[in-house]
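Quick caveat, the model's predicted, so the values are computed rather than measured. Order of the sequence lines sets the chain letters (A, B, ...), proteins ahead of strands, with each chain counted from 1.
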Amino acid sequence: MIKGIKGVKDILPEETPRWRLIEETARQWAVRYGFQEIRVPIFEVTTLFARSIGASTDIVEKEMYTFQDRDGTSLTLRPEGTAGTVRAFIEHNRNADPLPQKYFYMGPMFRHERPQAGRLRQFHQFGVESLGTSDPRADVEVIALLWRVLMDLKLPALTLEINNLGYTADREVYRPVLVAYLTQHVEALCGNCRRRVETNPLRVLDCKVPECRAATEAAPRLADSLSEQARSYFAGVVAGLDSIGIPYRLNHRLVRGLDYYCLTTFEVTSTSLGAQNAVGAGGRYDALVETLGGPSTPAVGFALGLERMAMMLSETAPVASPGSTTVYIAGFGSLGSATGLSALEELRLAGIRAVSDFRSGTLKSHLRQADRLGSRFTLIIGDDEATKGTAILRDMNTKAQQDVSLTSLSRDISPLFRAP
RNA sequence: GUGGGUGUAGCUCAGUUGGUUAGAGCGCCGGAUUGUGGAUCCGGAGGUCGCGGGUUCGAAACCCGUCAUCCACCCCA
């Protein structure tokens, strides 16, 4: 038997209603906030991701699905959505259009990781990018959108945390200060963090190991090394969130895993998720457009993990059965089944959801099918009815039956499905 | 990449200290008199016990390997 790939899942019909709810909610809020949908390719040249995400990040170093095209160029299945969106923005000269350009996207992403709860190799994200505004209110707008989507879906136990990463120059001031402190306390750090002191000291602050957390409790804070400009920008974000009532927590340890972030970063986690507890996260990335060869353009964005949202939603699954709007056609006997087929088509053309089971040859088995499918009505057409040019319409709840004429079928049945 | 748990019917799982035709519930198909569903009763289909070796008179069970899957580390949405 040919099986699916490790970490790549089928979303079966029982789950798709939940997915549609998530997607439609996200789309609706994005549009309300003035974002437009963009659809970018699922694969790009490898250098795009290496340059944007950061060559020394885990994603680029060991998680990308990279392969050679027939002409030898290196291509990669997108591990996230920002790079492609920014590439499209540059390539199509969208900065020549009225700014800001605000996009949202939805679709599969690919990362070669070891699968676990809430982590797959093909997973799905909804994301937004707001390009061209360097006002704190743009950050607030994006965070608000993120929060509203999650609130609308009533996802449980959420916390929004934000932090100020400052400008690149600020971090360069802070880095040696932090490294000096960490070197004094190396013995207290976990093995991983000892290595990180060299490679990526900021991430030590984000370590979950209790010893590391204790050791860095008294560490000098990035906030104290920030320029006046960075501070006042962040103050604007915080004030904006306050004024529109978005609840957040400051977390000076919050460090994102992608290199392109600066200033505002944020993350929403849920305690109902397991180890992979981040539902959505994002931040500002003012330098990225230029890094990728475009005009200097400030930007903010976020991404939401759709699988993780679906996991949380399943606890309060609001799946409605479609049966309440269905007519089941029970056509049996040689003439009856032929007539049933045309009745099916007629109702469908009239906009009514009509189904039948072509394996059923007896009225009894038809009714069992109709019941199992949860159909609201069954239209019975045996040979007798077919010769008379009529059918019996049975209400499956009340068992009331009435004759209907086959010549006026859709006209007679349509009113039954009007909203009361 | 590292660690731990689990692999028996479509699904959820039993299966005694190794013992002969491997079970249940749900689901599926059919029947309970001729054209009327759900309940009940009856019957039926469906399993290389993940795979490959080994121990043994005998393995679903014990041992080794392997694969898959789940969870965790790591990392991230």
Pick the P atom in B/G65 and in B/U2, then give their distance to the nearest Å.
15 Å
I want to know whether A/Tyr260 and A/Tyr285 have ring centres closer than 6.0 Å.
yes
Test: salt bridge (charged side-chain N to carboxylate O under 4.0 Å, His left out). Region: residues 23-51 of chain A. Which pairs qualify, not counting sequence neighbours?
A/Arg27-A/Glu37, A/Glu37-A/Arg39, A/Glu44-A/Arg87
How far does the P atom of B/A39 sit from the matching atom of B/U66, given to the nearest Å?
49 Å
Hey, what's the ring geometry for A/Phe332 with A/His366, parallel, tilted or perpendicular (30° and 60° as the breaks)?
tilted
Please say whether more than 12 non-hydrogen atoms of neighbouring residues, nucleotides or ligands are located less than 6.0 Å from CZ in A/Arg148.
yes
OH of A/Tyr65 versus C1' of B/C76: gap in Å, rounded?
15 Å
List the residues meeting side-chain contact (heavy atoms from CB on, under 4.5 Å) with A/Ala83, not counting sequence neighbours, and say none if there are none.
A/Leu48, A/Phe49, A/Ser52, A/Glu80
For the residue pair A/Phe126 and A/Phe104, does the interplanar ring angle fall in the parallel (under 30°), tilted (30 to 60°) or perpendicular (over 60°) class?
tilted
Qualifying residues under side-chain contact (heavy atoms from CB on, under 4.5 Å), relative to A/Gln402, sequence neighbours excluded
A/Leu393, A/Val404
By salt bridge (Lys or Arg N to Asp or Glu O under 4.0 Å), A/Arg94 pairs with (sequence neighbours left out) A/Asp97
Work out how far the P atom of B/G50 is from that of B/G25, and round it to whole angstrom.
22 Å
When the distance from CZ of A/Arg121 to P of B/A77 is rounded to whole Å, what number comes out?
18 Å
Identify which nucleotide among B/U36, B/G38, B/A77 has an atom closest to any side-chain atom of A/Ile392, counting heavy atoms from C-beta outward.
B/U36
So A/Glu385, base contact, sugar-phosphate only, or nothing? Heavy-atom distance under 4.0 Å.
base
Please report the distance separating the P of B/A60 from the corresponding atom of B/G7, rounded so that it comes out in whole Å.
16 Å
Contact class for A/Phe302 (heavy atom, under 4.0 Å): base, sugar-phosphate, or nothing?
nothing
So which nucleotide from B/A77, B/G37, B/G35 ends up closest to the side chain of A/Ala303?
B/A77
Need one value for A/Leu306: base, sugar-phosphate or nothing, where a base atom within 4.0 Å counts as base even if backbone is also close, heavy atoms only.
nothing
Taking atom P in both B/G46 and B/U33, compute the distance separating them and give it to the nearest angstrom.
28 Å
Between B/A77 (P) and A/Asn277 (CG): distance, integer Å:
12 Å
CG of A/Leu393 versus C1' of B/U36: gap in Å, rounded?
14 Å
Working to the nearest 0.5 angstrom, can you tell me the gap between A/Leu363 CG and A/Arg368 CZ?
11.0 Å
Residues that A/Glu141 engages under salt bridge (Lys or Arg N to Asp or Glu O under 4.0 Å), provided they are two or more places apart
A/Lys102
Of A/Asp371 and A/Phe123, the one whose closest nucleotide on RNA chain B sits nearer the 5' end is A/Asp371
Produce the list of close N/O pairs, under 3.5 Å, pairing protein atoms with atoms of nucleotides 67-74 of chain B; give distances to one decimal.
{"residue": "B/U69", "atom": "OP2", "partner": "A/Lys6", "partner atom": "NZ", "Å": "3.3"}
{"residue": "B/C71", "atom": "OP2", "partner": "A/Ala117", "partner atom": "N", "Å": "2.7"}
{"residue": "B/A72", "atom": "OP1", "partner": "A/Ala275", "partner atom": "N", "Å": "3.1"}
{"residue": "B/A72", "atom": "OP2", "partner": "A/Gln116", "partner atom": "NE2", "Å": "3.0"}
{"residue": "B/C73", "atom": "N4", "partner": "A/Arg119", "partner atom": "NH2", "Å": "3.2"}
{"residue": "B/C74", "atom": "N3", "partner": "A/Arg119", "partner atom": "NH1", "Å": "2.7"}
{"residue": "B/C74", "atom": "N4", "partner": "A/Gln116", "partner atom": "OE1", "Å": "3.0"}
{"residue": "B/C74", "atom": "N4", "partner": "A/Arg119", "partner atom": "NH1", "Å": "2.9"}
{"residue": "B/C74", "atom": "N4", "partner": "A/Gln276", "partner atom": "NE2", "Å": "2.7"}

Residues at least two apart in sequence or cross-chain that pass salt bridge (Lys or Arg N to Asp or Glu O under 4.0 Å) with A/Glu113, listed by chain then number, are A/Arg119
Side chain to side chain contact (heavy atoms under 4.5 Å, CB included) with A/Leu205: which of A/Thr216, A/Leu254, A/Leu182, A/Asn251?
A/Thr216
Taking atom P in both B/U16 and B/C11, compute the distance separating them and give it to the nearest angstrom.
23 Å
Please, which pairs that meet salt bridge (charged side-chain N to carboxylate O under 4.0 Å, His left out) have at least one residue in residues 392-413 of chain A, sequence neighbours excluded?
A/Arg376-A/Asp395
Identify each atom pair where a protein N or O and an N or O of nucleotides 39-42 of chain B are less than 3.5 Å apart, giving names and distance.
none

Say you pick atom C1' in B/G15 and the same atom in B/A59; how far apart are they, in whole Å?
13 Å
Output the rounded distance in Å from CG (A/Asp395) to P (B/U36).
19 Å
A/Glu161: what forms a salt bridge (Lys or Arg N to Asp or Glu O under 4.0 Å) with it, not counting sequence neighbours?
A/Arg249
Please report the distance, rounded to the nearest Å, between NZ in A/Lys388 and P in B/G35.
15 Å
Atom pairs under 3.5 Å: protein N/O with N/O of nucleotides 27-34 of chain B:
{"residue": "B/C28", "atom": "OP1", "partner": "A/Arg372", "partner atom": "NH1", "Å": "2.6"}
{"residue": "B/C29", "atom": "OP1", "partner": "A/Arg372", "partner atom": "NH2", "Å": "3.1"}
{"residue": "B/C29", "atom": "OP2", "partner": "A/Arg372", "partner atom": "NH1", "Å": "2.7"}
{"residue": "B/C29", "atom": "OP2", "partner": "A/Arg372", "partner atom": "NH2", "Å": "3.2"}
{"residue": "B/G30", "atom": "OP2", "partner": "A/Arg368", "partner atom": "NH1", "Å": "3.2"}

The residue, A/Gly282 or A/Thr398, whose nearest nucleotide of RNA chain B is more 5′ is A/Thr398
Nearest-angstrom distance from the residue atom CD of A/Glu129 to C1' of B/A77:
13 Å
Given the rule that a pair is Watson-Crick or G-U wobble with both distances under 3.5 Å, how would you write RNA chain B in dot-bracket, using | for pairs to a different strand?
(((((((..((((.....[...)))).(((((.......))))).....(((((..]....))))))))))))....
Which of parallel (below 30°), tilted (30 to 60°) and perpendicular (above 60°) describes A/Trp29 and A/Tyr33?
tilted
Would A/Glu15 and A/Arg20 satisfy salt bridge (charged side-chain N to carboxylate O under 4.0 Å, His left out), going step by step from the backbone distance to the final call?
CA-CA 9 Å; A/Glu15 312 169 61; A/Arg20 272 206 310 277; over 6 Å; no
Taking atom C1' in both B/C63 and B/A24, what distance in whole Å separates the two?
31 Å
Distance, rounded to the nearest Å, where A/Phe377 contributes CZ and B/G38 contributes P:
20 Å
Under 4.0 Å between any heavy atoms, over every strand shown, what does A/Met109 touch: base, sugar-phosphate, or nothing? Just pick one.
nothing
